Amino acid sequence: MCGIFGYIGSRTASAKLVFDGLKNLEYRGYDSWGVAVVSETKLKIFIKKAAGKIGNNNVDDLPDGNIAIGHTRWATHGGVTDTNSHPHSDCTGNISVIHNGIFENYEDFKKKLIQKDHKFISETDTEVISHLVEDFNKKLIFSESVKKAFNLMTGLNAIIAIKQNEKQIVAIRNGSPLVVGFGRGENFLASDASALRPFTKDVYFLEDNEMAILEKNKVRVSNVKTGKIVKFRKQKLNWNVDQGEKGKFPNFMLKEIYEQPRILSEIASTGSGLMEKVAKLIKKSRGSYLVGCGSASYAAMAGTYLFSKVAKRHINFAIGSEFGYHLDFLNIDSLVIPISQSGETIDILESMKKAREQGAKIVSLVNVLGSSLYRMSDEKMLISAGPEKSVASTKALTGMIAHLVLLSFSLDGGVRKGKKVLMDAVDSVKKTLSDKSIKNIKKLAGIIIDSKNIYVIGRGLSYPTALETAMKIKEISYIHAEGLAAGELKHGPLALVAKGTPCIAFLPNDETYGANLAGAMEMKARGGFVIGISFKPHEVFDYYIPVKDAGVATIIPNIVAGQLLAYFLTIKKRLDVDKPRNLAKSVTVK
Ligand code: F6R
């Protein structure tokens with residue numbers, strides 16, 4: 001979590017440039033923000049930082065300077081306050097540090113530094129880094145001091161440090177992502193390549209334990225453990241500048257919801273060139289796993305149903321944070337398919353490292369090119385959903401499922417059939433996004449807005465759909481929602497259904513219809529307000545949301561209907577739909 005942006009070059013409004021860069025990274029953390037700029041005329045580093053979102057703030061009061069760094073925070077150590085916001089300074093104010101990650105053993109060093117009379121003003125682990133660098137810098141040159149401090153830190157971290165009079169930015173990473181962007185007479189740093197989009201297409205993704213020293217006209221990279229110079233190769237990224245813009249939409253979530261028909265039909269027409277190769281790898285393996293976190297875990301779970309239904313194949317499924325406890329089964333014949341939008345989710349990265357140690361092959365399904373997961377995989381299938389900015393995943397999730405639909409058909413030798421099914425889903429998604437359907441879903445949001453609890457049921461492929469819909473509702477509208485396998489209702493949760501409790505039932509045209517309907521009836525009999533999301537109406541429904549049948553791919557338009565309901569509940573509650581509380585887009589802490 002946390003967004004990092006840095007600039008060194010000839011532009012004098014570097015504080016503003018970094019501040020604007022941070023706006024593209026705020027999805028990584030928005031508890032607070034801060035910018036430090038080196039002013040050559042005033043011989044000082046100036047810092048502006050504050051708790052809360054960037055919002056309508058500005059850095060107009062910061063002076064000119066050619067070097068600046070900035071940070072958006074997702075708090076770990078220390079509450080959300082102005083003082084705990086990054087950058088953090090040393091005792092002299094000449095050194096400034098920003099940090100992403102957790103400096104696990106910071107307390108030992110803090111105690112020693114206090115004994116040496118260092119003065120701390122925040123509760124953060126990051127401030128300890130500034131003072132460590134200050135201490136080492138008495139004997140070592142600046143970059144070596146930063147390196148020495150970094151090498152003492154345990155945990156997964158990325159740090160950036162600057163010092164008054166040093167015409168350089170020093171950046172080091174281990175675990176937390178950092179990418180260098182190359183310009184003409186200027187260089188950039190960011191925790192996500194998409195933030196560099198307005199400035200350059202030439203990038204280098206720092207590997208673990210690499211240190212980059214950025215100067216105006218040069219970038220040097222070395223390994224902090226061995227001290228050896230790294231001969232790196234720049235990578236060229238292909239993207240359009242407007243891919244990450246809101247355009248005519250009021251927020252990113254709505255924009256990303258509406259992008260789905262286009263993305264899904266692109267996936268259907270191009271697929272991933274690797275689909276057949278991956279299908280062969282799955283067939284060859286002795287034991288394969290789909291692994292994901294949060295919404296991506298629901299895609300993984302959907303994959304198990306798709307593989308079973310379409311390809312008559314068993315594939316295991318695990319949540320990223322739990323996969324570590326399944327690893328004993330893995331060996332060189334195992335295949336692991338991690339699924340991730342960001343490719344930076346630490347629970348996935350950690351478990352993939354362990355899977356690799358057991359000899360397993362890793363074939364990732366990932367959205368962010370060049371991300372840590374992308375780079376550590378033996379084969380990679382790109383989701384190709386474009387940059388996803390809203391914290392709640394929408395288009396990346398349906399993109400993941402679309403790839404799994406194609407993959408399951410490829411396993412059965414019928415990728416063409418898979419593409420046709422996917423195009424049916426595109427048609428159904430378009431209908432779900434029609435004005436009439438939107439009006440219907442918006443009206444429902446108005447009816448259930450004051451509910452304390454919402455229950456969502458489904459069976460088979462609609463079980464992960466129910467989990468995903470409940471997740472979307474709770475994470476952005478803050479209404480408690482619970483997704484359930486419909487068959488489990490009678491084993492406990494029915495006790496909570498009372499008069500008027502909204503109960504959403506997914507009833508696609510498949511083998512689950514009858515049994516699912518029974519679940520809806522059980523809820524209705526207890527006074528539940530039954531919302532049917534189905535290809536046809538039924539008298540048990542108190543409210544009906546039509547979703548056109550698209551075979552096994554109906555899961556996609558069903559999920560879109562759930563996204564829209566969560567969206568309108570949130571908008572009606574006047575909440576920030578793109579940046580829900582306590583969350584961040586790229587979860588890089590355990
Ligand atoms: C929910 C959501 C999260 C992510 C999860 C995994 O809307 O966005 O649950 O799905 O944090 O993230 P990635 O896919 O980046 O690994």
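Numbering of ligands and ligand atoms starts at 1, following listing order. Everything numeric here is computed off the predicted structure, so don't read it as measured data.
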*Asks:* At what distance is the nearest protein heavy atom to atom 11 (O) of ligand 1, and which residue and atom is it?
*Replies:*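 Heavy-atom neighbour on the protein nearest atom 11 (O) of ligand 1: Val587 CG2, 3.9 Å.
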*Asks:* With atoms numbered from 1 as shown, which atoms in ligand 1 lie under 4.0 angstrom from a non-hydrogen atom of Thr345?
*Replies:*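 Counting from 1, the qualifying ligand atoms are 12 (O), 13 (P), 15 (O), 16 (O).
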*Asks:* With a heavy-atom distance limit of 4.0 Å, tell me whether Val391 approaches ligand 1 through its side chain, its backbone, both, or neither.
*Replies:*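 Just the backbone.
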*Asks:* Strictly by modelled atom types, are Ser371 and Glu344 linked by a side-chain donor-acceptor pair under 3.5 Å?
*Replies:*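 The answer is no; no qualifying pair exists.
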*Asks:* Between Glu357 and Lys354, is the salt bridge (Lys or Arg N to Asp or Glu O under 4.0 Å) condition met? List the steps.
*Replies:* CA-CA 5 Å; Glu357 281 161 21; Lys354 290 186 196 148; over 6 Å; no
*Asks:* Please identify which of these residues, Glu468, Lys472, Gln260, meets the side-chain hydrogen bond (donor to acceptor under 3.5 Å, both in side chains) condition with Gln563.
*Replies:*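 Among the candidates, only Gln260 passes.
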*Asks:* For Ser342, take its heavy atoms, then give the atoms of ligand 1 lying under 4.0 Å from any of them.
*Replies:*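 Taking each heavy atom of Ser342 in turn, ligand 1 has 13 (P), 15 (O), 16 (O) under 4.0 Å.
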*Asks:* Using a 4.0 Å cutoff against the non-hydrogen atoms of Ala296, which atoms of ligand 1 qualify?
*Replies:*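 Here the atoms of ligand 1 in question are 10 (O), 14 (O).
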*Asks:* My understanding is that we take every heavy atom of each candidate and find the minimum distance to atom 7 (O) of ligand 1. Doing that for Gln341, Glu475, Glu344, Glu388, which one comes out nearest?
*Replies:*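 Closest candidate by heavy-atom distance is Glu475.
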*Asks:* Mind telling me whether His326 and Phe323 have parallel, tilted or perpendicular rings, with 30° and 60° as the class edges?
*Replies:*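 Geometry flag for His326 against Phe323: parallel rings.
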*Asks:* What verdict does the salt bridge (Lys or Arg N to Asp or Glu O under 4.0 Å) test give for Asp576 and Arg581, after you've listed the backbone C-alpha separation in whole Å, the side-chain angles of each residue and the deciding distance to 0.1 Å?
*Replies:* CA-CA 9 Å; Asp576 185 340; Arg581 69 186 178 206; over 6 Å; no
*Asks:* Any idea which protein heavy atom is nearest atom 5 (C) of ligand 1, and the distance to it?
*Replies:*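 Of the protein heavy atoms, Cys293 O, 3.4 Å lies nearest.
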*Asks:* Rounded to the nearest 0.5 Å, what's the gap from NE2 on His86 to OG1 on Thr126? Could you check?
*Replies:*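 Rounded to the nearest 0.5 Å, the NE2-OG1 separation comes to 3.5 Å.
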*Asks:* Considering only protein heavy atoms, which is closest to atom 2 (C) of ligand 1, and at what distance to one decimal place?
*Replies:*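 I find the closest protein heavy atom is Ser295 OG, 3.8 Å.
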*Asks:* Give a yes-or-no answer on whether the side chains of Asp510 and Thr512 include a donor-acceptor pair shorter than 3.5 Å.
*Replies:*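 Side chains of Asp510 and Thr512: pair found under 3.5 Å.
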*Asks:* Quick check on contacts: which atoms of ligand 1 are under 4.0 angstrom from a heavy atom of Gly294?
*Replies:*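 Counting atoms of ligand 1 from 1, those under 4.0 Å from Gly294 are 9 (O).
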*Asks:* Counting only heavy atoms, which portion of Lys472 has something under 4.0 Å from ligand 1: side chain, backbone, both, or neither?
*Replies:*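 Contact part for Lys472 vs ligand 1: side chain (C-beta onward).
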*Asks:* Using a 4.0 Å cutoff against the non-hydrogen atoms of Met471, which atoms of ligand 1 qualify?
*Replies:*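 The atoms of ligand 1 under 4.0 Å from a heavy atom of Met471 are 9 (O).
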*Asks:* Under a 4.0 angstrom heavy-atom cut-off, which atoms of ligand 1 come close to Ser340?
*Replies:*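 Matching atoms, with element in brackets: 13 (P), 14 (O), 15 (O), 16 (O).
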*Asks:* Under a 3.5 Å cutoff, is there a donor and acceptor pairing between the side chains of Ser393 and Ser295?
*Replies:*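 No, because no side-chain N or O of Ser393 sits under 3.5 Å from a partner of the opposite role on Ser295.
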